[in-house]
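Computed from heavy atoms alone, side chains included, the values below leave out hydrogens, waters and symmetry copies. Owing to the predicted nature of the structure, the values given are computational and were not obtained by experimental measurement.
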Amino acid sequence: MDPQTLPTEPSAAEPRGAVAIITNRRGELLLHLRDDLDGVTWPGHWSLLGGGCDPGERPTEAIVRELDEEAGLAVDGGLAELFETRDVHGSGQIITFFAGSWDGDETALPLAEGVKLQFFAPEHLPVLTIPPFIRDGIHRLLAAQPGA
């Protein structure tokens, strides 16, 4: 078992967050370049859109809110919940991963946080600076896809 995969149900008191692996019809992944500022978890890293759950908010609610707040993004056909892991080297949060698709122009989105959004082909991911738990989550999704 992956050491970051959670073997038991987390308690409601633990900090939680949610991220979304958004792909387009070409199989590219939408990544978010995080601000390189004090107080930002994983500054200057390429990551997924998402964030922490507000008090009493479920990850399924948080990811929809975060996509809207950060980028004015609503995915085509909704989001599928994938799995949970913990950001052991950053925020310490239990992170729920979601997957969805969107075929728009990422440069036209109204980015409210971070530096930029960009779609990347999976073969370009190894050269990017990506938080380990995000890289692991992306690899986990890609490995589960037919033909991987």
Cluster overlap Ile138 with Leu30, hydrophobic side-chain contacts below 4.5 Å: no
Derivation of the side chain to side chain contact (heavy atoms under 4.5 Å, CB included) call for Leu31 and Ile130: CA-CA 9 Å; Leu31 296 181; Ile130 299 173; 4.2 Å; yes
Trp46 reachable from Leu49 in the ILVMFWY side-chain graph, under 4.5 Å edges: no
Ile21 with Phe133, same ILVMFWY side-chain cluster at under 4.5 Å: yes
Going by atom type alone, with no hydrogens or angles, which donor-acceptor pairs under 3.5 Å involve a side-chain atom of residues 104-125 and a protein atom two or more places apart or on another chain?
| residue | atom | partner | partner atom | Å |
| --- | --- | --- | --- | --- |
| Asp105 | OD1 | Thr107 | N | 3.0 |
| Asp105 | OD1 | Thr107 | OG1 | 2.6 |
| Asp105 | OD2 | Thr107 | OG1 | 3.1 |
| Glu106 | OE2 | Phe119 | N | 3.2 |
| Lys116 | NZ | Gln118 | OE1 | 3.1 |

Sequence-distant partners of Asp76, salt bridge (Lys or Arg N to Asp or Glu O under 4.0 Å), two or more places apart: none
Any residue meeting ring-ring contact (aromatic ring centres under 6.0 Å, His included) with Phe98, in chain and number order, not counting sequence neighbours: none
Cluster link Ile63 to Val75, ILVMFWY, side chain under 4.5 Å: yes
Inter-residue atom distance Ser47.OG - Leu128.CG, 0.5 Å rounding: 11.5 Å
Gap separating the CD1 atom of Ile22 from the OG atom of Ser101, nearest 0.5 angstrom: 8.0 Å
Residue list, side chain to side chain donor-acceptor pair (under 3.5 Å) with Trp42, at least two apart or on another chain: Asp87
Any residue meeting salt bridge (Lys or Arg N to Asp or Glu O under 4.0 Å) with Glu28, in chain and number order, not counting sequence neighbours: Arg26
Residue pair Pro59 / Gly17: nearest heavy atoms and the distance that separates them: CB-O, 4.5 Å
Over all atoms of both residues, closest heavy-atom pair of Ala20 and Leu79: CB-CD2, 4.3 Å
Pair listing, ring pair (Phe, Tyr, Trp, His ring centres under 6.0 Å) test, anchored in residues 57-87, at least two apart: Phe83-Phe97
Salt bridge (Lys or Arg N to Asp or Glu O under 4.0 Å) against Asp36, all qualifying residues, sequence neighbours excluded: none
Joint cluster assignment, Val64 & Val19, ILVMFWY side-chain distance < 4.5 Å: no
Donor-acceptor pair, side chain of Arg34 and main chain of Thr41, under 3.5 angstrom: yes
Where Asp103 and Arg25 come nearest, the two heavy atoms and their spacing: OD1-N, 2.6 Å
Co-members of Val40 in a cluster of I, L, V, M, F, W and Y side chains, linked at under 4.5 Å: Leu37
Contacts of type salt bridge (Lys or Arg N to Asp or Glu O under 4.0 Å), residue Arg65, not counting sequence neighbours: Asp54, Glu57, Glu69
Non-hydrogen atoms of Leu82 and Ala99 that approach each other most closely: CD1-CB, 3.7 Å
Closest approach of Thr96 to Arg16 (non-hydrogen atoms, all atoms of both residues): OG1-NH2, 3.3 Å
